[in-house]
Structure formats: C-alpha cells, structure tokens
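Following: one structure in structure tokens, then a few remarks.
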Amino acid sequence: MKLNAIGEFGFIERLKPMFSHLVGEQQMGIGDDCAVIPSDDGFDWLVTTDLLMEGVHFLREAIPPQHLGIKSMAVNFSDIAAMGGVPVGSFLSIAIPADVEVEYLDELTKGMYAISEQYGVPLMGGDTSKSLKHLAINVCVLGKCPKGTARLRSMAQVNDVICTTGPLGDSAGGLQVLLNHIPIAGDAATLVDRHHLPIPRINEGRLLASFDGVHAMMDISDGIASDLPHILRASRCGAVVDLDKLPVSSVLERAALQHGWSAEELAASGGEDYELLCTIKPDAFESISHAFANAFGRPLMPIGVIREGTASICWNRNGQAASLQGGGFAHF
Ligand code: ADP
Ligand code: MG
C-alpha cells in the first residue's frame with residue numbers, strides 16, 4: 001500500500017493504539033499539540049517536536065538562514081502556546097549536507113538564539129549528523145503550565161464560539177509570492193516575512209488559558225480547513241464557520257486583488273499562520289474578548305460556532321451555505 005492511501009494522519013492513527021496502553025492516566029500522549037506529563041509540583045510538563053525538512057517545509061535558497069532558525073523554534077513554541085503553556089527548554093537535532101557552510105550554520109543558530117533569548121528559553125541538547133542531500137532540522141521543546149490547565153483539542157463544547165487570535169492566510173500569501181517568483185517588495189515582502197517569521201502566540205495562549213470559559217485550543221499550522229476538524233474529531237462535534245468572518249489582513253487583501261488570488265481561500269485553507277484557534281463558552285465570550293483586546297490591542301476574531309454533529313465544517317457565506325475550494329496542506 002502506498003502512503004498516500006492513508007496519509008500522514010492515517011500513519012499516526014496506526015501508531016497511536018500500539019502505545020496507548022503505556023500512556024499513564026493523567027498523561028496526554030499522541031493526538032494533541034503537545035504531550036502532557038503531570039509533575040508532582042503543581043504544574044504539568046508539555047513536550048512537542050517538529051521537523052523542518054528542506055524541499056518539503058522550506059527552500060534553502062528562498063529563506064535566509066536566520067529566518068529558518070527563528071521559524072524552527074517558533075513553530076515549536078507555538079505548540080506550547082496552543083496548550084496555554086510557556087516554553088522552558090529546547091533540543092536541536094540537525095542533519096547537515098556537505099555543501100552547507102559554517103557561515104550558513106552560524107546564521108541559522110543566530111536566528112535560533114534570537115527567538116530563544118526573546119522568550120528566555122535555553123537550548124539544552126540535541127544531536128548532529130551528516131545528511132546525504134537535504135538539510136533536516138528537528139526541534140523538541142519542553143514547556144509547562146499550571147496543573148490541570150492544559151487546553152486540549154477534545155475540550156470543545158456545543159455552542160462554543162470559535163475564535164482565532166489574528167488574521168489568516170498571510171503566510172499562504174507569502175508562499176504564493178515565493179512559488180510564483182513575484183518580486184519581494186512592499187506587500188509581497190510583508191507576506192513573505194509572515195511566512196518565514198511566524199510569531200508564537202505564547203502570551204495570548206497564557207491569557208486565554210487563564211479563563212475557565214476557554215475550552216479547546218490548538219495552533220493553526222495546516223489551515224482552518226484541516227486544523228479545525230482535529231478539534232471536531234477529538235470533541236465529537238461539528239462546526240459552522242462563516243467564510244465572510246475569516247480575518248484577512250489589509251496587506252493580503254491588496255495582494256490578492258493585485259495577483260488574482262482568493263484571499264478567502266488562502267485564509268481558510270492556507271497553512272502556517274500559527275495563530276491560535278480556540279473555542280469559548282458563549283456567555284464568557286464578551287468578557288474574554290474584552291480582556292484579550294485590553295492586553296494585546298487587537299481583537300479576538302469570532303469565526304463560527306461549535307454545533308452537534310459529525311466532525312466536519314459547514315461553511316457559510318453571508319448566512320448562506322457555501323463551498324470551499326482547496327482543503328489545507330497534506331503531506332502524502
Ligand atoms: P502539530 O501540527 O500540532 O505539530 P501534528 O499534526 O504534526 O501536530 O501531529 C499530530 C499528533 O500526532 C501530535 O500529537 C504529534 O505528537 C503526533 N505525531 C505526529 N507524528 C508522529 C510520529 N511520527 N510518532 C508519534 N507521534 C506523532
Ligand atoms: Mg500544533
């Protein structure tokens with residue numbers, strides 16, 4: 001059988017039951033943004049790991065090495081943020097092809113250091129190997145959160161308001177700029193930066209997780225169209241999402257108009273924005289949204305509602321049922 005018959009998640013689903021009986025009662029194993037391991041000291045450990053593979057996740061000639069260093073840490077910090085935690089240490093495993101120069105690696109690690117310093121997270125170990133062809137970067141991050149407060153994908157409840165912490169589709173717009181060799185200047189440059197330099201929403205995740213009314217949370221790495229169904233499957237519910245409410249930046253709106261892209265499709269299906277996706281108890285939404293705007297100077301964006309039903313999204317546009325082109329990123 002070819003791997004594309006089951007896909008990335010089919011493979012993970014074959015692994016998960018093999019190990020599930022070894023996962024402790026208070027632990028969270030495969031299936032969320034981080035694993036959760038309780039400690040005896042009033043907090044839970046969070047562990048996440050992400051692999052960035054040349055040719056699949058990045059083009060070595062297109063991303064400056066410092067940006068690649070920042071991104072490889074940021075995507076892991078984002079998974080910690082998605083649980084409502086803070087990162088406490090990182091590990092770097094790297095496989096390096098012979099044509100990579102020391103100066104390139106210096107820039108790469110300078111980027112890793114810059115974002116680690118910003119959040120006070122030391123690099124505490126790793127592994128180094130030769131690679132026959134491609135550069136492969138795997139970062140593992142350890143984090144923590146107050147005991148019992150980790151937000152899981154399984155915590156959504158019917159009637160919850162579905163929200164994101166910021167605009168969607170900018171990163172996918174940046175990828176379009178790179179793939180179509182559009183000159184990197186003005187709005188195009190802003191979008192490429194959004195693609196190369198995602199901001200882990202650590203402070204946003206911490207604030208949100210401090211409210212009981214915030215139920216499920218995850219980060220948007222593959223796009224709403226494929227990420228929200230992870231929450232729906234884990235929480236055994238459905239959702240209605242309003243395409244006209246998906247937050248789109250003015251930069252993406254202008255660029256989409258100029259280059260003939262659908263901003264709506266990029267916002268719904270494009271990956272790697274690394275904003276947080278959360279579901280909030282309806283009667284708590286107003287006060288949480290107010291606290292969020294006070295803390296960050298920008299609003300929390302409601303995009304839909306959790307409903308009873310099968311784990312699929314009903315898309316609406318201006319109150320009418322609508323269909324969506326594209327479906328998020330798939331590996332195989
Ligand atoms: P994310 O996008 O948040 O990084 P993924 O979609 O990559 O999460 O993975 C989904 C879940 O499957 C996570 O809990 C992750 O730890 C787990 N997972 C992915 N690949 C593997 C693997 N090769 N072995 C074990 N667990 C895996
Ligand atoms: Mg994630």
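Counting starts at 1 for both ligands and their atoms, following the listed order.
In Asp32, the part holding a heavy atom less than 4.0 Å from any atom of ligand 1 is the backbone. With a heavy-atom cut-off of 4.0 Å, Val75 does not touch ligand 1 at all. For Thr49, no heavy-atom contact with ligand 1 is shorter than 4.0 Å.
In the vicinity of Asp33, heavy-atom distances shorter than 4.0 Å reach the ligand 1 atoms 3 (O). Of all the atoms in ligand 1, the ones that sit under 4.0 Å from a non-hydrogen atom of Asp50 are 4 (O). Near Phe9, meaning under 4.0 Å from one of its heavy atoms, ligand 1 places the atoms 6 (O). Against a heavy-atom cut-off of under 4.0 Å, Ile30 is close to the following atoms of ligand 1: 12 (O), 14 (O), 17 (C), 25 (C), 26 (N). Of all the atoms in ligand 1, the ones that sit under 4.0 Å from a non-hydrogen atom of Leu15 are 22 (C), 24 (N), 25 (C).
Between the side chain of Ser131 and the backbone N or O of Ile96 there is no donor-acceptor pair closer than 3.5 Å. In this structure a side-chain-to-backbone donor-acceptor pair under 3.5 Å is present from Ser235 to Ala156.
At the shortest separation from atom 2 (O) of ligand 1 among protein heavy atoms lies Ser221 OG, 3.2 Å. Atom 12 (O) of ligand 1 has its closest protein heavy atom at Ile12 CG2, 3.5 Å. The protein heavy atom nearest to atom 11 (C) of ligand 1 is Gly31 N, 3.8 Å. Distance from atom 7 (O) of ligand 1 to its nearest protein heavy atom, with residue and atom name: Glu8 OE2, 4.0 Å.
One finds a salt bridge joining Lys71 and Glu272 here, because a Lys/Arg side-chain nitrogen approaches an Asp/Glu carboxylate oxygen to under 4.0 Å. With salt bridges taken as basic N to acidic carboxylate O contacts below 4.0 Å, none links Glu103 and Lys110. In summary, Asp187 and Arg254 engage in a salt bridge, as defined by a charged side-chain N under 4.0 Å from a carboxylate O. Remark: Glu101 does not engage Arg60 in a salt bridge, criterion side-chain N to carboxylate O under 4.0 Å. Between Asp33 and Arg153, at least one side-chain N (NZ, or NE/NH1/NH2) sits under 4.0 Å from a carboxylate O, which counts as a salt bridge. Under 4.0 Å is where a charged nitrogen must lie from a carboxylate oxygen, and between Lys133 and Glu54 no such pair does.
Side-chain contact between Ser116 and Met73: present, with at least one pair of heavy atoms (C-beta onward) separated by less than 4.5 Å.
Distance CG/Leu277 to CD1/Ile303: 5.5 Å, rounded to 0.5 Å. In this structure, OG1 in Thr279 is found 10.0 Å from CE in Met155, a value given to the nearest 0.5 Å. Note that CZ of Phe292 is 14.0 Å distant from OG of Ser287, once rounded to the nearest 0.5 Å.
An N or O contact shorter than 3.5 Å links Asp79 to ligand 1 by distance. For Gly29, no nitrogen or oxygen atom sits less than 3.5 Å from a nitrogen or oxygen atom of ligand 1, counting backbone and side chain alike.
Listed by chain and number, Asp33 OD1, Asp79 OD1, Asp219 OD1 are the protein N/O/S atoms closer than 2.8 Å to the Mg ion (ligand 2), with waters left out.
Of all the heavy atoms in Ile182 and Gln176, the pair that sits closest is CD1-O, 4.3 Å.
Residue-ligand proximity: Arg153 is placed with a non-hydrogen atom under 4.0 Å from ligand 1.
Remark: Lys147 is not positioned above the aromatic ring of Phe43, lacking an NZ or CZ atom under 6.0 angstrom from the ring centre and at most 45 degrees off the axis.
Distance check for atom 24 (N) of ligand 1: a protein heavy atom is found below 4.0 Å.
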